[in-house]
Protein chains: 2
Amino acid sequence: MPLPDVSQFIPHIAYDSVVFGFSKGKLKILLMEYHATGWFALPGGFVRKNEDLEDAVKRGLYERTGLKDIYLEQFQTFGTRERHNPEIMEAILKANGHEVPRNYWMLDRFFSVAYYALIDHEKVTLTPDALSDSISWYEVEKLPALIFDHAKIVQKALQTLRENLDRKLIGGNLLPEKFTMNELQSVYEAILGEKLRRTSFQRKMLSLDILERHEKLFTGKSHKAPYLYSFKS
Amino acid sequence: MPLPDVSQFIPHIAYDSVVFGFSKGKLKILLMEYHATGWFALPGGFVRKNEDLEDAVKRGLYERTGLKDIYLEQFQTFGTRERHNPEIMEAILKANGHEVPRNYWMLDRFFSVAYYALIDHEKVTLTPDALSDSISWYEVEKLPALIFDHAKIVQKALQTLRENLDRKLIGGNLLPEKFTMNELQSVYEAILGEKLRRTSFQRKMLSLDILERHEKLFTGKSHKAPYLYSFKS
DNA sequence: TAATATTGTCTCAATTCGTAACAATAGAAC
DNA sequence: GTTCTATTGTTACGAATTGAGACAATATTA
């Protein structure tokens, strides 16, 4: 596969996405591992000349997760000179067996518009891109070292997610359509990084009048079965 | 003055700033009026190749207001194709007596990173830029029509400012160093667009323990003189 | 000295929140 | 079937916060 041609993309503009998922009680994000370098990075990409910014992000997410209609929020654009590291980008391209032309556009300084996405961990089909060996889930609390300023981007994403959690009531996007109150509470606890009081949480969620109560979930465990809930549409 | 040369700027990247000020009980923003067109726009600009994004914004604000150390917050990046209007940009340049070369860089599609700033209305010395007849204050509630998507940018700035008002306690940036509780309340009311209860507001502000109380302000009016306050540093 | 307008503080009820207690119940143990 | 255990949904109650008004203080005018 040849190197991407600048003619179809807008130079100097990129996006990076912090894709949050939730499984086994842990908050996780998607990271790509670049071929033959052992370097990890956020899934990102470029914007086509005839494409809206947000559509470019959605396209990238679709290619890597197979999902459309993802909950997506732009949270910051990163534009320091410090983040410009042509040596690292060149090494990544060379590790993929490419001849890198002098002044190749991907080595230029880029402004990255960062988005976070919330998805149901069960629904994804992960597909690496051309430069990557793998794309997979990593616990937010146990991330490997990331290239460029991607660690800073993750931190800012997490901070924004925490601030928006109550304000925009977005926690449900990390769960399947139907879920128990306990699962929802676990999502909140994983995002906020602290334990919450069961009864207060239940009372607050119910008082917001955003949940619809469905049938009970019988797990086979020897105790009272919890109700399933979904967000009102 | 010749047209700016692309060689010193990064193409496709611009910024726009929504500069809020407060005077006579009204929330206002700065708008530029382009020469000979009657068109209004937000103060914006481009990023130099050896310059950080935020420094570019500060540079632009300094050139137009004479202020440094401005409270500044990035709130969104606009990247739709729809906002690309080379005809309008060309008309603005031509109205300034420029010959516009074919494929001139300023006619390209731009991504705009939007910031809002909060400044003390009394401190500014307004200076128009090369393309503008004037730069001056306009009430947020009575804005003229704006070019491109600038009306949408202002709306988003206002929304973000409202959301951040309590969270970040930034209202004081619109006032002089010392102010009365009543003035601070007026700022809040102008931003939120609603009247607040005097006693609740006073109690809340004092309980936050962020204000320092100074001498009284004697206005000459025949009633009890209010205290002056400043934000604790 | 009285009148007026505005300010700073206090009071009391309404609401929300933290905390614990309690009743309901699905399955396991017997 | 009965009892036991773990977990869930709900209620109760005091603490903290908030809404709304009352009231005293005071700078100037009449």
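The chains referred to below are lettered A, B, ... by the order of the sequence lines, with proteins before strands, and numbering in each begins at 1. Please read all numbers here as calculations on a predicted model, not as lab measurements.
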Taking only side-chain N and O atoms of A:Lys221, does any of them lie within less than 4.0 angstrom of OP1 or OP2 on D:dT7? no
Report yes if a side-chain nitrogen or oxygen of B:Asn182 is closer than 4.0 Å to either non-bridging phosphate oxygen (OP1 or OP2) of C:dT7; otherwise report no. yes
Quick one about A:Gln155 and A:Gln159 (side-chain donor to acceptor, distance below 3.5 Å, no hydrogens or angles considered), yes or no? no
Where the side chain of A:Pro226 is defined as all heavy atoms beyond and including C-beta, which of C:dT25, D:dG9, D:dT26 is the nearest nucleotide?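 Selected nucleotide: D:dG9.
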Would you mind reading off the distance between [X] atom [atom1] and [N] atom [atom2], rounded to a whole angstrom?
X	N	atom1	atom2	value
A:Phe201	D:dT8	CZ	P	13 Å
B:Phe218	C:dA5	CZ	C1'	16 Å
A:Leu184	D:dT8	CG	P	13 Å
B:Tyr227	D:dA27	OH	C1'	13 Å
B:Met181	C:dG8	CE	C1'	9 Å
B:Met205	C:dT9	CE	P	15 Å
A:Arg213	D:dT8	CZ	P	13 Å
B:Glu215	D:dA27	CD	P	14 Å

Geometric class of the [Y]/[X] ring pair [parallel <30°, tilted 30-60°, perpendicular >60°]:
X	Y	value
A:Phe46	A:Phe110	tilted
B:Tyr138	B:Phe40	perpendicular
B:Tyr116	B:Phe20	perpendicular

May I ask you to check whether B:Phe22 and B:Tyr188 place their ring centres under 6.0 Å from each other?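 Distance test on ring centres: not under 6.0 Å, no.
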Search all heavy atoms of A:Ala41 against all heavy atoms of A:Leu146 and return the closest pair with its distance. N-CD2, 4.4 Å
Reading nucleotides 15-24 of chain D from the 5' end, what letters show protein touch, with B for base, S for backbone sugar-phosphate only, - for no heavy atom under 4.0 Å? ---BBBBB--
B:Lys195 bridged to B:Glu189 by N-O distance under 4.0 Å: yes
